[in-house]
Amino acid sequence: MEIENLFIDTSAFYALMDRSDSYHEKAKQLWAFLLDKNSSFKTTSYIIIETLALIQSRLGFEAAQLYSSDILGLVDILWVDEPRHNLAFELWLGLRRKKFSPVDCVSFITMRHYSLENVFGCDRHFGEQGFKILD
């Protein structure tokens, strides 16, 4: 499997940090494989904020700081501008589904904008939106 550009979701970031997460072992193995293949990792500024808040809340400040210093340096941040934010908000309103968050919709809009097809994460909503979840 050769993957040049892939999007990383909060679910993968969190799983990498939390050994008790059910996706941890799989995420750790996939992360090592992708690093070995020199994959290019992308995520949004919204995912970073969501992940930092989640890690800090569940694992503590030190874990959030470790994520910030050790993992984020390997990731290209795709900053969400106002037009993309507005498109995502419209998508979120249009989907009217409890399980889709506004951050999910920002991810979908951003992935389409940058022609990203592959996702490192375990959120099945990406598959429902036509993206390929790596396993």
[X] with [Y], same ILVMFWY side-chain cluster at under 4.5 Å:
X: I49; Y: M17; answer: no
X: I48; Y: F61; answer: no
X: I8; Y: L35; answer: yes

Hey, could you give me the [atom1]/[atom2] distance between [X] and [Y], rounded to the nearest 0.5 Å?
X: D21; Y: R19; atom1: CG; atom2: CZ; answer: 12.5 Å
X: I133; Y: C122; atom1: CD1; atom2: SG; answer: 8.0 Å
X: E62; Y: I55; atom1: CD; atom2: CD1; answer: 12.5 Å
X: L95; Y: E128; atom1: CG; atom2: CD; answer: 10.0 Å
X: L54; Y: T10; atom1: CG; atom2: OG1; answer: 7.5 Å
X: L16; Y: D18; atom1: CG; atom2: CG; answer: 10.5 Å

Any side-chain heavy-atom pair of [X] and [Y] under 4.5 Å:
X: V75; Y: K42; answer: no
X: L34; Y: L134; answer: yes
X: F131; Y: R112; answer: yes
X: L116; Y: L6; answer: no
X: K26; Y: D135; answer: yes
X: E50; Y: I47; answer: yes
X: Y23; Y: L30; answer: yes
X: K132; Y: V119; answer: no

Shortest non-hydrogen contact from [X] to [Y]?
X: A12; Y: G121; result: CB-CA, 3.8 Å
X: L52; Y: A64; result: CD2-O, 3.6 Å
X: F41; Y: L74; result: CD1-O, 3.4 Å

- Item | Partner of F108 by ring-ring contact (aromatic ring centres under 6.0 Å, His included), out of F126, F89, W92 |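 Result: among F126, F89, W92, F126 is the only option passing the ring-ring contact (aromatic ring centres under 6.0 Å, His included) with F108.
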Exam field: side chain [X] to backbone [Y], donor-acceptor pair closer than 3.5 Å:
X: D81; Y: R84; result: yes
X: D104; Y: S101; result: yes
X: S107; Y: V103; result: yes

Answer with yes or no after comparing the ring centroid distance for [X] and [Y] against a 6.0 Å cut-off, counting only values under it.
X: Y114; Y: F7; result: no
X: F13; Y: F120; result: no
X: Y46; Y: W79; result: no

- Query: Between the side chains of D123 and S11, is a donor N or O closer than 3.5 angstrom to an acceptor N or O?
  - Reply: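 No, no side-chain donor-acceptor pair sits under 3.5 Å.
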- Item | T110 versus T44, side-chain donor and acceptor atoms under 3.5 Å |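 Their side chains do not contain a donor-acceptor pair, so the 3.5 Å distance test is not met.
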- Step-by-step side-chain contact (heavy atoms from CB on, under 4.5 Å) determination, Y67 to Q56: CA-CA 10 Å; Y67 159 76; Q56 183 176 351; over 6 Å; no
- For atom CD of E117, decide whether the heavy atoms of other residues, nucleotides or ligands shown that lie under 6.0 angstrom number more than 12.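 Not more than 12 within 6.0 Å, no.
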